[in-house]
Amino acid sequence: MRQETFTVISNRTLAPGTLEMVLEGDVSGISRPGQFVNLRLDGFFLRRPISVCDWTEGRLRLVYKVLGQGTAAMADYPAGKQLDLLVGLGNGFDLEKCPEHTLLVGGGVGTPPLLGLARRLAEQGKHPAAVLGFNTAGERILTEDFQSLGLRVTVCTADGSAGIPGLVTDGMAAVGDYNYVCACGPEAMLRAVWTLCGFGGQFSFEERMGCGFGACMGCSRKTVHGMKRICREGPVLEKEEIVW
Ligand code: FES
């Protein structure tokens, strides 16, 4: 974990209530896709954990949903504003465990961390595919970014307004050639994906966090190996260790 100062390059709306913030700064503390950063926001005591969507040399891309006062304030941050970030938090996805045909399954704002994963799997010469689920066509985000990395993308919408009508599990049924899953999204979605897949995988949880760096135990979750802190030993858990 490193504490760094980043500068906002852009902060724009991708879909109603969902924004993309691009920042400039030292990203060398980030080692794996699926990690998160913890932002200090003016006037708020607690930092805000935001998952890393993607990063390249000197650039950090965050995609976040406006859920409360903190993220609402963040949505107004202009280009040029400086932010204090803790970077490289959490364990992230283990790329070496992902085989050639890994299916990335994302739900809503759980989709962004899978983009950084997709980029690095593609750089390894692997051929991941993606199933991305949203409530409506208007809530779709990042689908073209996945496609530009060469992934076959299957979109599902709960209201049937785009792609396959239904949930990501309906989309998974339409994609045949995979033998491993990396999933990120709301718990009900993760559980449905976990139940459906008869092989290994990694699942990224969105537990509510307090401190965000392992001190308060507020994000603890039962696993077959005992309690794990989602912010520290997670947010990514192996399929075999998950207890519902
Ligand atoms: Fe405090 Fe995880 S949020 S230990």
Side-chain angles (χ1 to χ4, degrees), residues 1-6 17-19 21 23 25-55 60-75 77 83-95 97 106-114 116-117 182-191 193-194 201-244:
M1 178 179 79
R2 294 171 64 134
Q3 185 168 10
E4 302 286 352
T5 300
F6 280 72
T18 304
L19 289 91
M21 179 182 280
L23 300 127
D26 183 350
V27 294
S28 60
I30 303 172
S31 57
R32 283 181 173 182
Q35 290 186 314
F36 63 96
V37 298
N38 231 342
L39 287 83
R40 184 188 299 285
L41 304 177
D42 301 338
F44 293 90
F45 176 66
L46 287 176
R47 288 175 177 267
R48 293 299 189 281
I50 307 278
S51 61
V52 171
C53 170
D54 202 0
W55 74 101
L60 174 64
R61 190 174 178 192
L62 306 175
V63 173
Y64 62 99
K65 207 171 173 72
V66 175
L67 292 171
Q69 292 180 343
T71 41
M74 202 176 144
Y77 284 176
L83 288 176
D84 174 333
L85 268 66
L86 300 177
V87 296
L89 294 157
N91 62 348
F93 291 101
D94 185 342
L95 294 175
K97 289 189 173 143
V109 83
T111 298
L114 299 177
L117 175 60
C182 288
C184 185
E187 176 148 345
M189 185 210 94
L190 294 180
R191 187 168 187 166
V193 172
W194 184 92
Q202 299 175 56
F203 291 72
S204 183
F205 285 79
E206 298 176 336
E207 225 79 3
R208 257 195 122 64
M209 291 190 194
C211 69
F213 52 84
C216 73
M217 309 303 284
C219 62
S220 294
R221 183 182 181 94
K222 194 172 161 193
T223 74
V224 296
H225 305 306
M227 299 302 281
K228 284 197 171 183
R229 294 163 296 181
I230 287 300
C231 73
R232 192 68 181 247
E233 291 85 33
V236 179
L237 299 179
E238 299 276 344
K239 184 181 181 231
E240 299 73 26
E241 65 179 328
I242 294 169
V243 176
W244 299 105

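All values below were derived from every heavy atom in this structure, side-chain atoms included, with hydrogens, water molecules and symmetry-related copies excluded. All ligand and atom numbering here is 1-based and tracks the order in the structure.
Side-chain atoms of Trp244 and Leu190, non-hydrogen and from C-beta on, do get closer than 4.5 Å to each other.
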Under 3.5 Å donor-acceptor pairs involving side-chain atoms of residues 182-189, not counting sequence neighbours:
{"from": "Glu187", "atom 1": "OE1", "to": "Arg221", "atom 2": "NH1", "distance (Å)": "3.0"}
{"from": "Glu187", "atom 1": "OE2", "to": "Arg221", "atom 2": "NH2", "distance (Å)": "3.1"}

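Considering Pro33, Ser51, Pro113, Pro235 as possible partners of Ser204, the one that fulfils the side-chain contact (heavy atoms from CB on, under 4.5 Å) test is Pro235.
Of the possible polar contacts, one joining the Gln202 side chain to the Asp94 backbone as a donor-acceptor pair under 3.5 Å is found. With hydrogens and angles ignored, the 3.5 Å screen pairs no side-chain donor or acceptor of Arg61 with any backbone N or O of Asp54.
Protein nitrogen, oxygen and sulfur atoms, that is N, O or S, within less than 2.8 Å of atom 2 (Fe) of ligand 1 amount to 2.
Separating the CG atom in Asp84 from the CD atom in Gln3 is a distance of 4.5 Å, to the nearest 0.5 Å.
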